[in-house]
Amino acid sequence: MDAQKVDMYLMSHSKYFEAHNMQFIRDVMLNADDSKMIMVQSVDLKDPTMLIIVSIFAGQLGIDRFLVGDIGLGVVKLITCGGLGIWYIVDWFLIMGRTKELNHEKLMNALS
Amino acid sequence: MAVAQKIRRFYAVAILFLLAGGVWALFNVLFQFNYSVCVVKNLTGLPCPSCGTTGAVSDIVNGNLAAALHKNPLGYLVLPMLIVLPFWLLADLLKTKNSLYYTYYKLEANLKKRPALLTLLLSPIMIIWIWKLQTT
């Protein structure tokens, strides 16, 4: 792919991915076909900041986990009232990393 | 993430959750705690769908079946799971099989594929929640 386009994408989407994965993503994108750019632009990425807000307000209902695709964990979180309140707090710290991991998987799927 | 690593992480989390849940249930049954851990409930006064599940489990163990149903029907779901899952987990670890992992992921994949099924599963929980909100 065109290096300029790749760099523009990465700059505008840096918050969606883990910083230490950016170089890897850049390499994969540069090696990918130009036609994949449309696929990349249409990937539904979840905003980590939005997720942490969801985690704080609706975390005890497991909604934050449902939004990152962890359905099983979401149901367990719902049934246990946010893991007796403890998991609810722990997830405040884990949810951003999990969102970025999910975004990374989604992007890699689109590029392959 | 490699599959083997995923499996190990699943079992580590499963062991942690079942241990925490088991200890909590035991603690509550033995010492008749009645303290609410719901941060949201303590802040806003509104109960979440699973409020009272621990009390319900404690009631079932002590024989008050009707009281348990009234506190939270989910107790009837949680208690059998708390009993069965540790044995299932132990069986998996002893036989070095991954049946719990595969069952969990197959269930999750099926629920993801059919959101209708998920809504069906979650609706009793929502009904319980609405009932709870109306009786406070």
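Numbers restart at 1 for each chain; the letters A, B, ... are given by sequence-line order, proteins then strands.
A/Leu10 and A/Val28 fall within the same hydrophobic cluster, defined by Ile, Leu, Val, Met, Phe, Trp and Tyr side-chain heavy atoms under 4.5 Å apart, directly or through other members. Hydrophobic clustering, with ILVMFWY side chains joined whenever heavy atoms are under 4.5 angstrom apart, keeps A/Met50 apart from A/Leu94. The hydrophobic cluster containing A/Met1 also contains A/Met22, counting ILVMFWY residues as joined when their side-chain heavy atoms lie under 4.5 angstrom apart, directly or transitively. Hydrophobic clustering places B/Ile128 together with B/Met81 (ILVMFWY residues linked when any side-chain heavy atoms are closer than 4.5 Å, directly or through intermediates).
Side-chain contact between B/Ser50 and A/Leu78 is absent, with no heavy-atom pair separated by less than 4.5 Å. Here the side chains of B/Trp24 and A/Ile86 are not in contact, with every heavy-atom distance at 4.5 Å or above.
Here the closest non-hydrogen pair linking A/Asp70 and B/Glu108 is C-OE2, 3.6 Å. A/Leu61 and B/Trp129 make their closest contact through CD1-CH2, 3.5 Å (heavy atoms, listed as atom of the first residue, atom of the second, distance).
Heavy atoms of B/Phe17 lying under 4.5 Å from chain A belong exclusively to its side chain. Contacts between B/Leu77 and chain A at a heavy-atom distance below 4.5 Å involve the side chain alone, from C-beta outward. Interface residue B/Ile125: only side-chain heavy atoms are found under 4.5 Å from chain A.
Within a 6.0 Å radius of CE in A/Met39, no more than 12 heavy atoms belonging to other residues, nucleotides or ligands are found. For CD1 of A/Ile38, the number of neighbouring non-hydrogen atoms (other residues, nucleotides, ligands) closer than 6.0 Å is 12 at most. Shown here is A/Met108, whose CE atom has more than 12 heavy atoms of other residues, nucleotides or ligands within 6.0 Å.
Of all the listed residues (A/Gly69, A/Gly83, A/Gly59), the one sharing the greatest number of non-hydrogen pairs under 4.5 Å with chain B is A/Gly69.
One distance of note links CD1 of A/Ile71 with CG of B/Leu122; it measures 8.5 Å at 0.5 Å rounding.
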